[in-house]
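Whatever order the structure lists ligands and atoms in, that order sets their numbers, starting from 1. If you're wondering where the values come from, they're calculated on a predicted model, not measured in any experiment.
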Amino acid sequence: MSTDFDALRVDQDALPIIDISGLRSPRAAERRAVGLALRAACTDKGFFYIREHGIDPALQARVFEASRAFFALPMEHKRQVDMANSPANRGYDPLRGQTLEAGAPPDLKESYYIGEERGPDDPKVRAGKFNHGPNQWPAQVPDFRPAIEAYYQAMTALSERIMAGLALSLDLQEDFFADFCVEPQAIVRLLHYPPQPANPAPNEKGCGAHTDFGGITLLLQDDNAGLQVWDEAGGGWLHADPIPGTYVVNLGDMIARWTNDRYRSTVHRVVNISGHERYSVPFFYSGNPDHEVRCLPGCLAPGEQPKYPPVTVEQHLMEMYRRTYA
Ligand SMILES: O=C(O)CCC(=O)C(=O)O
Ligand SMILES: [Fe+2]
């Protein structure tokens, strides 16, 4: 293992763990208290852990089980559900299929994309909306579809709750993001990282350094560390190691547009130096494709101009796929 990845290590527990049970409280003061904690985390590193999120550990275990079973299949079975077959970008994305860091070697990961199931007669599919369509389901793993569909629903509900918390964190009405949450685009992405090879190509990693494009990302990790978060202030990489019972949450690039950079979409990467196979499951919540993302009220000082022009969620996502898939 190249020591370059360790040389930059910042050893400190810099990422907060936020108990979000207050967001489910009938008492406004308790919901606002979570909002304040979110604000502190978002203006600092832009990455934090949440606990008391309400997602059933048994459901998480089924998702990991389905993921392990799928990635263990022979390549001929994985190729049957290749993302290349899917106009909606669903299915299997092989090892080195994506390059998240421009100029770096392709990522040492294989993955699987699942989104909302929409058949060919769905009006949005007919209209050719970006990334709308059916999923591909691997016939060889019977619990794959039921587990992922249940997880998708649960995570969509959790994401909506966190968006309400973010609204409070920005001193907005709790339902400020309601339109953003209408018929949201979201992706469950199963990831499998082989151990970092003994002799990696220069700068070869599990995930190249990148920011997430969407609204929020909720990351479920197995027991193997690997995620690193760029700490602008400290000039190094914080290790966001797994903590049982938590999700790692980060904000995607839409947040910079919404807040005129008061909240950040933080650069992160994955280097699987654990020596084990690593499995993780990010949930990318990108919101209503037709929603226009523009600078929020309260995020401009007198005389300050928005740095980013308004853009729809759909335009924004198309740009991400264009940039990272050659
Ligand atoms: O696997 C991880 O820990 C993070 C993955 C990630 O950053 C991504 O898929 O955008
Ligand atoms: Fe990411």
Q. Any nitrogen or oxygen of D212, main chain or side chain, under 3.5 Å from a nitrogen or oxygen of ligand 1?
A. yes
Q: Name whichever N, O or S atom of D212 ends up nearest to the Fe ion (ligand 2).
A: OD1
Relative to the heavy atoms of [X], which atoms of ligand 1 are at a distance of less than 4.0 Å?
X	answer
L191	1 (O), 5 (C), 9 (O)
P282	9 (O)
V270	1 (O), 2 (C), 3 (O), 4 (C)
S280	1 (O), 2 (C)
H268	7 (O)

Q | Close approach of G226 to ligand 1, heavy atoms, under 4.0 angstrom | A | no
Q.
Taking only non-hydrogen atoms of H210, do any sit less than 4.0 angstrom from ligand 1?
A. yes
Q | Residues R68, E277: salt bridge by 4.0 Å N-O rule | A | no
(Q) So that I can tick it off, tell me whether E101 and K205 are bridged by a salt bridge, with the cut-off set at under 4.0 angstrom between side-chain N and carboxylate O. (A) yes
(Q) Can a donor-acceptor pair be found, under 3.5 Å and without considering hydrogens, that links the side chain of H53 to the backbone of I55? (A) yes
**Q.** Side-chain (N260) to main-chain (K307) donor-acceptor, under 3.5 angstrom
**A.** yes
Q) Picking from H192, Q221, Q196, what satisfies side chain to side chain donor-acceptor pair (under 3.5 Å) with R278? A) Q221
Which residue supplies the protein heavy atom nearest to [atom], what is that atom called, and how far is it?
atom	value
atom 9 (O) of ligand 1	F284 CZ, 3.5 Å
atom 5 (C) of ligand 1	Y193 OH, 3.5 Å
atom 3 (O) of ligand 1	R278 NH2, 3.0 Å

(Q) Just checking: H268, one of its N/O/S atoms, less than 2.8 Å away from the Fe ion (ligand 2), yes or no? (A) yes
Q) Would the W137 and F70 ring centres measure less than 6.0 Å apart? A) no
(Q) Counting the benzene-type ring for Trp, do W258 and F176 have ring centres under 6.0 Å apart? (A) no
Q: Tell me yes or no: between the side chains of R51 and T246, is some donor less than 3.5 Å from an acceptor?
A: no
Q.
Do Q98 and D93 pair up side chain to side chain, a donor and an acceptor below 3.5 Å, judged on atom types alone?
A. no
Q | Within reach of ligand 1, part of T217 (heavy-atom separation under 4.0 Å) | A | neither
